[in-house]
Structure formats: structure tokens, C-alpha cells
Amino acid sequence: MSKIPYDIFQRNLSTYDRNSELTPEEITTLFSFPVGDFRTRAPRLKRSQPSIGRLIQPVIDALDMMGVTNTKIRNNVIESLIHGMVYHQCTYWG
């Protein structure tokens with residue numbers, strides 16, 4: 001078993017915006033996210049990060065804490081959450 005890179009209990013959760021409502025910009029970005037070949041999804045995710053950063057930063061931090069370094073796995077996890085947010089039209093914690 002690999003060691004977790006840092007103590008998860010030291011994470012300051014108050015730094016996250018936990019409002020469950022999606023902003024109009026977030027809705028536009030989420031609905032424009034492509035489905036399909038991984039090679040086209042990954043660059044789009046990187047470009048979209050500023051407009052949906054508050055939505056995916058907690059996931060990125062969790063993946064970092066778990067030591068997940070494989071880009072394909074990281075992007076697939078984030079994409080799954082994006083699809084859930086589009087379907088439910090709210091944040092995944094909402």
C-alpha cells in the first residue's frame with residue numbers, strides 16, 4: 001500500500017466554495033464538455049478549468065491525496081462527475 005502524500009486531516013475544507021447552485025458560466029461550460037475520444041476530452045478539460053475550477057478543485061485535491069497520477073484515470077473521474085452535474089444540474093455535493 002502506498003503512503004498518502006500528506007495528512008488528509010490537515011486539509012482546510014473552508015477554502016472550497018460549497019454553494020450547490022451552478023453559475024450560468026459553469027452551466028455553459030459543463031454542457032459544452034465533449035463526450036468521446038479521450039484525446040479530445042483532456043485538452044478541453046484543461047481549457048475549461050478556470051470556469052469550473054471550484055467544481056473540480058476538491059476532486060483534484062482528493063486525487064492528489066490518494067496519489068492518483070495517471071492522467072487518463074484523473075480525467076475519467078472528473079468527467080464522470082461532470083456528467084453527473086449536467087444530469088442533475090447541480091454540484092455533486094448539492
Side-chain angles (χ1 to χ4, degrees):
M1 177 181 260
S2 65
K3 186 177 185 229
I4 295 176
Y6 47 87
D7 186 355
I8 61 173
F9 299 107
Q10 292 180 356
R11 184 75 195 147
N12 183 359
L13 299 180
S14 67
T15 61
Y16 299 128
D17 176 354
R18 293 178 283 176
N19 180 2
S20 62
E21 299 294 321
L22 295 171
T23 67
E25 181 182 19
E26 290 167 342
I27 292 169
T28 300
T29 301
L30 292 173
F31 275 87
S32 68
F33 195 78
V35 176
D37 184 39
F38 173 75
R39 293 176 301 244
T40 61
R41 291 189 324 246
R44 173 67 178 161
L45 178 60
K46 191 168 185 74
R47 285 192 307 274
S48 299
Q49 230 167 340
S51 58
I52 59 171
R54 79 170 185 104
L55 303 175
I56 61 174
Q57 191 58 53
V59 178
I60 291 170
D61 290 346
L63 292 168
D64 289 345
M65 283 189 257
M66 292 184 289
V68 178
T69 58
N70 182 298
T71 303
K72 188 173 183 177
I73 292 172
R74 291 172 72 92
N75 286 341
N76 284 337
V77 168
I78 293 167
E79 180 186 350
S80 295
L81 289 171
I82 287 172
H83 286 291
M85 288 186 281
V86 168
Y87 180 79
H88 295 287
Q89 296 188 13
C90 69
T91 61
Y92 54 88
W93 58 81

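- Between Cys90 and Ser20, the shortest heavy-atom contact is CB-O, 3.7 Å.
- The minimum heavy-atom distance between Val86 and Leu30, with the atom names listed, is CG2-O, 3.5 Å.
- Judged by distance alone, with hydrogens and angles left aside, the side-chain atoms of Arg54 form a donor-acceptor pair with the main-chain N or O of Asn19 at under 3.5 Å.
- Between the CG atom in Asp61 and the CD1 atom in Ile56 there is a gap of 10.5 Å [rounded to 0.5 Å].
- Taking OG1 from Thr28 and CD1 from Ile52, the interatomic distance works out to 12.0 Å, rounded to the nearest 0.5 Å.
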Trace of the side-chain contact (heavy atoms from CB on, under 4.5 Å) decision for Val68 with Val77: CA-CA 11 Å; Val68 178; Val77 168; over 6 Å; no

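- Among all heavy-atom pairs drawn from Arg74 and Leu63, the shortest one is NH1-CB, 3.6 Å.
- Met85 contributes atom CE, which lies 5.0 Å from atom CG of Leu55 (distance to the nearest 0.5 angstrom).
- By the 4.5 Å heavy-atom criterion applied to side chains, Glu21 and Ile27 are not counted as neighbours.
- The minimum heavy-atom distance between Ser51 and Glu26, with the atom names listed, is O-CG, 3.4 Å.
- With rounding to the nearest 0.5 angstrom, the CD1 atom of Ile78 is 12.0 Å from the CD1 atom of Ile73.
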